[in-house]
Number of protein chains: 2
Amino acid sequence: MQRPSEPQRLTDRKRAAIIEAAIDEFRAAGYEATSMDRIAARAGTSKRTVYNHFPSKETLFAEILRQLWEASIAGEELSYRADRPLRDQLLELLAQKLRLLNDEAFASLARVAIAAGIHSTERARDMVARMGEREEGLTVWVRAAAADGRLKAKDPVFASHQLQGMVKGFAFWPQITLGQPPLSAKEQKRVAESAVDMFLAYYA
Amino acid sequence: MQRPSEPQRLTDRKRAAIIEAAIDEFRAAGYEATSMDRIAARAGTSKRTVYNHFPSKETLFAEILRQLWEASIAGEELSYRADRPLRDQLLELLAQKLRLLNDEAFASLARVAIAAGIHSTERARDMVARMGEREEGLTVWVRAAAADGRLKAKDPVFASHQLQGMVKGFAFWPQITLGQPPLSAKEQKRVAESAVDMFLAYYA
DNA sequence: CACAAACTACACCGCGCAGTGTAGTTTCAG
DNA sequence: CTGAAACTACACTGCGCGGTGTAGTTTGTG
């Protein structure tokens, strides 16, 4: 028996190496500027092997996006609890969100996906659908708290987007679009607490 | 005498046509995927003429960025007034901001610039500097209001980023990265009012 | 109207890329 | 140990790109 992280079969190792190399290259240079020759070289395989695994650059790219997406949605859902303070629950929710946003795997996905989506309308459509699901965590919580009478948010989707906007403005967009460094633990705490307090000052 | 929008000299008309075509092409396909042949064709000139005006694709691209940037900073500054309600002033500030975010010229710049900056670190550095200035309008207002004792924002930069985050989460990032349609006047109003009220509930 | 400046068509170069075909070598399960 | 499956090196095609050079035409000013 072998650990799945180190596959025994040569073909699996090669495939993994190709995907890893492709992630690095696409992330560093984007879709257009990345060549299959470079990917093959970095993966330590022949170009032919790359094409034996993936029929085209487009296919390989799609697989990368799929893998990164799956890697990024490992987080578990936190559900509303009527017996706990709103502030504590929201802070936990945001902490989870910030953990995701600061995760390098997720950031890679976002950069590559956004870069790809900016130009290709159809690719952008794919993203819209997927992103929608991911936002749900916070939204359902807000909806539950509102239904419980503890938040006066008439539109949970709107309210949760407001809250997320405040966080992403510090912890996501600058890192994705301007290559800024991720937030430190201290900064994360500050951003989350301030956002939650402002949110509750208005909606509680 | 001739209107500057329709230059008389052939060479000026050609140059303008090239720039216009380049904006369209770069916006539609990004830097890498746009070819000089296509730009020339769309501009209705020969490729040689393009190269007579701009020594390289890179130069042309830089000029596009410069032009779009200048077109986008037409807005005048609104300064803090001690004799007016905070809410009214903030709403005006945000309305101005939303007007800019919804402006097609600005959106074009942002899309092209972000697409360019995502991969090239040096290009991203340029953007950081420029964007910084642009944010200043709201920040100086917050600082003034805080100095006047009407806002308890200890960190004006942080507070103004929070406010902007809420707005951009609806009116900027979805449009830039996911190709979503701009906000209607009604939606803009809602976003601005809700953001300002939340902001004041916390900081006033 | 002459003439310089600008534009055009077009051929051309070198390059790197996506993708293929082939002939030979390595891997590894039965 | 055998043999199929997988990998490798490498040569090659076709294409589009950025950029240049040239010879001839158009434009518009003095």
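Here is how names work: the chains are called A, B, and so on, in the same order as the sequence lines, proteins then strands, and each is numbered from 1. Quantities reported herein were computed from a predicted structural model and do not represent experimental measurements.
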Looking at [X], I'd like to know whether one of its side-chain N or O atoms comes within less than 4.0 Å of OP1 or OP2 on [N].
X: A/H53; N: D/dC7; value: yes
X: A/T11; N: D/dC7; value: yes
X: B/T49; N: C/dT8; value: yes

Any luck finding a side-chain donor-acceptor pair between [X] and [Y] under 3.5 Å?
X: B/Q162; Y: B/Y203; value: yes
X: B/E58; Y: B/Y31; value: yes
X: A/E187; Y: A/S184; value: yes

Grab the [atom1]-[atom2] distance between [X] and [N] for me, whole Å please.
X: B/N52; N: D/dA23; atom1: CG; atom2: C1'; result: 14 Å
X: B/F54; N: D/dT20; atom1: CZ; atom2: P; result: 15 Å
X: B/D12; N: D/dT27; atom1: CG; atom2: C1'; result: 13 Å
X: B/I18; N: C/dA6; atom1: CD1; atom2: C1'; result: 11 Å
X: A/R9; N: D/dC7; atom1: CZ; atom2: C1'; result: 14 Å
X: A/R15; N: D/dC7; atom1: CZ; atom2: P; result: 10 Å
X: A/K14; N: C/dC28; atom1: NZ; atom2: P; result: 11 Å
X: B/R48; N: C/dA6; atom1: CZ; atom2: C1'; result: 12 Å

Ring geometry between B/Y80 and B/W141 (parallel below 30°, tilted from 30 to 60°, perpendicular above 60°): perpendicular
Full working for ring-ring contact (aromatic ring centres under 6.0 Å, His included) between B/Y202 and A/F199: CA-CA 8 Å; B/Y202 184 59; A/F199 184 80; over 10 Å; no
Heavy-atom side-chain proximity of B/I114 to B/W173 below 4.5 angstrom: yes
Results of side-chain hydrogen bond (donor to acceptor under 3.5 Å, both in side chains) for B/D88 - residues two or more places apart only: none
Letter per nucleotide, 5' to 3', of nucleotides 12-18 of chain C [B base touched, S only sugar-phosphate touched, - untouched; heavy atoms, 4.0 Å]: -----SB
